[in-house]
Amino acid sequence: MKKSWALDIDCPNCAAKLEDALSRLPGVETINVDYVRKTVTLTAPDADFDQVAEAMLRKAVQVEPDARIFEAESTSAHGAASAGHKPHNHEHGCDCGHGHHHEHGCDCGNEHNHHHGHTEDGKDSWLQTHALLLRAGVTAALLLIGALLLDGVPATAVLVLGYLLISYDVLLKAGRNIGRGQIFDENFLMTVASIGAMLMGDCAEGIAVMLLYQVGEWFQDKAVDKSRASIAGLMDIRPDYANLLTDGTVTQVSPAQVRVGDSILIKPGEKVPLDGLVLTGVSSLNTVALTGEALPRDVSEGDSVISGCVNLSGTLTVRVTSAYGESTVAKILDLVENSGAAKAQTERFITRFSRVYTPLVCLGAALLAVVPSLFDGQWLEWTRRALTFLVISCPCALVISVPLTFFSGIGAASRKGILVKGASYLETLAHLDTMVFDKTGTLTQGSFTVTSIQAADGDQDRLLELAALAESYSDHPISKSLQAAYGKPLDISRVGQAEETAGRGVKAMVDGEAIYAGNDRLMADLGLAPAPCQEPGTVVHIARKDRYLGHIVISDVIKPNAAAAMGDLKAAGIHRLVMLTGDRQPVAEHIAAKLALTEFHAELLPEDKVSRMEALLHEGGKTAFCGDGINDAPVLRRADLGIAMGALGSDAAIEAADVVLMDDDPLKLPLAIRIARRTLRIARQNIVFALGIKLLVLLLGALGIANMWLAVVADVGVAMLAILNAMRAMRIR
Ligand code: ADP
Ligand code: MG
């Protein structure tokens, strides 16, 4: 079983430490503490899930008393649709012994860090958000007065007052954390560094360092919050309300309250809140929020509408066909919200690295203070230099900016209708060598036109009618095309039990008789051997149990963008483009030639496609499979990366794939690769940049060139720049 909570935690490094501690608890299968999305996700065996969750929550407060975990309202589940969080039964507030004046927040003196410490109206007051800046202002004034205007004891008194004002919360936290044996805690290290500087006679430096640190953290926090909000905004397709129609009156309700079969009213400009069928009205829908493409789609009576689209022109009455939890929008949101779980290797590396980074820098500081002093006896000078090290001991810039970069890359992709289920898939996408395709609906449009009909008894119309009836229960592109080709409304009551065999065709009872429609293989199963068809195209044979009735030749067209997409993929360095299809050899040959694919395999059953995929995987390199989710879910799962196309409406595809393309434009593939590579490049830049600057400052500090001021400025500055750089991953040309 798996469950997510909302998390309020103030430092990214603490989130990493928390995850580490929680992962060691007995019974925990996986735990994901996501600082960027502010969630904790636990998987544990169903049987003792409640106990494990209880233990996890208890442990969390022990490890990070400032962390608060709430029961989150899930989007997809049966809860309401609002984005709010309700407090968890066990109020995991802070235990710092100070007055609690927020609704479910706590006041440990670090108001600036509380993103969710809201007052009743849901907003922090101006004073709460800016308390730190006020403190900083007063401290700066005291610093000036103490350093420039006063001397002796009054000066010291004013400076100490200033110091306490700006740093009391850091001091308190440091004290509490030492009590719990956490010495490599940034609060503690900042305390040691600043008090050390003051004791060595440089009061102004001690205060300035704390001042810069606090103000820097404040801005860093705000920057992360802002980025988080704008990325989340990119992905927000959540409908706020539905206009429920009951006996001619309209009431505005939450989409979650609407039941299947209810009627809702959708006015122009409103979001479609739930999936349904149009009862009355004509309008066009904008799918841009879902697909990234602003193509209006015309709908009228009888057409289906998908939640998340925006109604552009007319008013529609719609009969709801699935509850909110099952709707397209809820499924997409669920996927997006869980995209933090599949962490990229780069992210995992950073987490591991950050665990050793702080102790290493502290060790370096200790050595720097002691070793050279043994030779030259200049203890004071070397200690001063060592204290500079402590200021650079927090790996914050890395720990925030790398996950934030991935999050913003995922956000950018989703804006284009490319849903990526986790940063690790973004990584695979960036490193692909081989791309394997399904044919129908992926490279071709999947809407076949009839090119010829050969009925054994000469009655072509009746043969097409029989085929359309037999196919009436299937969602396969062939079935849909035959129904469309028949053109007239089908009398479904004539069709009894129907079953479909993947890669072969369908069998259905029509007018009380078993009718088969499918390929050569299906006919062979029946012991029938129709004469080979010379015409190019896909052949659908129709037979009764013992009698061959004739065949229909249909043909599909290649998607207009397919050739361009294949060209782009090759240009992007994906040299191997493979097509796997269940269709006939000549059809496959024609398409492979048209698209300049490097290889193709035809007449495959779904299980053959899996074994072909396995052979390709065996040859090495990263291999993606791209299909429409119809008959190819097993291959989608098997590939290094499963990409489902045209997911608007297909649940199977959304579930089986790692990357979901909301529409079926093949050009989204090279686009996805570009976004992935850019995101990875930015993540790498951030790592190199942050580590490079830190190393440089360490070096300058050891040489006595950089003082503590510079160290703080560099530390905070690097974090800010890395956050800004991370945001670049959000923009795509
Ligand atoms: P593709 O590899 O092109 O996506 P599938 O694996 O879905 O194709 O199907 C392979 C072949 O099986 C089709 O070309 C067709 O001959 C036959 N087939 C599959 N489903 C059906 C169906 N519903 N009706 C008729 N024929 C079908
Ligand atoms: Mg297919």
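Whatever order the structure lists them in is the order used to number ligands and atoms, beginning at 1.
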Heavy-atom contacts with [X] under 4.0 Å: which atoms of ligand 1 show up? List them by number with element.
X	value
Val506	23 (N)
Ser474	23 (N)
Arg504	12 (O), 17 (C), 18 (N), 26 (N), 27 (C)
Thr581	1 (P), 2 (O), 3 (O)
Gly518	25 (C), 26 (N)
Lys609	1 (P), 2 (O), 4 (O), 6 (O)
Asp583	14 (O)
Lys439	3 (O)

query: Below 4.0 angstrom, N of the basic side chain to O of the carboxylate: do Arg584 and Glu603 qualify?
result: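 Answer for the salt bridge query: no.
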field: Salt-bridge present (Lys668, Asp663; N to O < 4.0 Å)
entry: yes
query: Is Pro606 near ligand 1, meaning one of its heavy atoms is under 4.0 Å from it?
result: no
field: Sub-4.0 Å heavy-atom approach of Arg521 to ligand 1
entry: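 No; Arg521 lies far enough from ligand 1 that no heavy-atom distance drops under 4.0 Å.
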message: Does Arg504, at its CZ atom, have more than 12 non-hydrogen atoms belonging to other residues, nucleotides or ligands within less than 6.0 Å?
response: yes
Which is it for [X] and ligand 1 at heavy atoms under 4.0 Å: side chain, backbone, both or neither?
X	answer
Arg584	neither
Ile478	side chain
Asp438	side chain
Asn631	side chain

When you compare ligand 1 with [X], is there at least one nitrogen or oxygen pair between them that comes in under 3.5 angstrom?
X	value
Leu604	no
Glu471	yes
Gly582	yes

- request: Taking all heavy atoms of Lys421 and all of Ala342, pick out the closest pair and write down the distance.
  value: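 Taking Lys421 first and Ala342 second, the nearest heavy atoms are O-CB, 4.3 Å.
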Let me have the donor-acceptor pairs involving side chains of residues 570-580, under 3.5 Å, with sequence neighbours excluded, atom names and distances please.
residue	atom	partner	partner atom	Å
Lys570	NZ	Ala596	O	2.5
Arg576	NE	Glu599	OE2	2.9
Arg576	NH1	Glu619	OE1	2.7
Arg576	NH2	Glu599	OE2	3.0
Arg576	NH2	Glu619	OE1	3.0

Just by distance, with hydrogens left out, do [X] and [Y] show a side-chain donor and acceptor under 3.5 Å apart?
X	Y	result
Arg37	Ser339	yes
His541	Asp520	yes
Glu29	Thr43	no

task: Could you go through the side chain to side chain contact (heavy atoms under 4.5 Å, CB included) check for Phe448 and Thr538 one step at a time?
output: CA-CA 9 Å; Phe448 295 80; Thr538 305; 3.7 Å; yes
Using 0.5 Å steps for rounding, measure from the [atom1] atom of [X] to the [atom2] atom of [Y].
X	Y	atom1	atom2	result
Arg259	Leu274	CZ	CG	12.5 Å
Asp525	Tyr516	CG	OH	9.5 Å
Tyr324	Asp275	OH	CG	10.5 Å

message: On a heavy-atom basis, I'd like to know which of Gly505, Ser481, Gly446, Pro477 is closest to atom 21 (C) of ligand 1.
response: Gly505
query: Heavy atoms only: which of His476, Glu500, His601 is nearest to atom 9 (O) of ligand 1?
result: His476
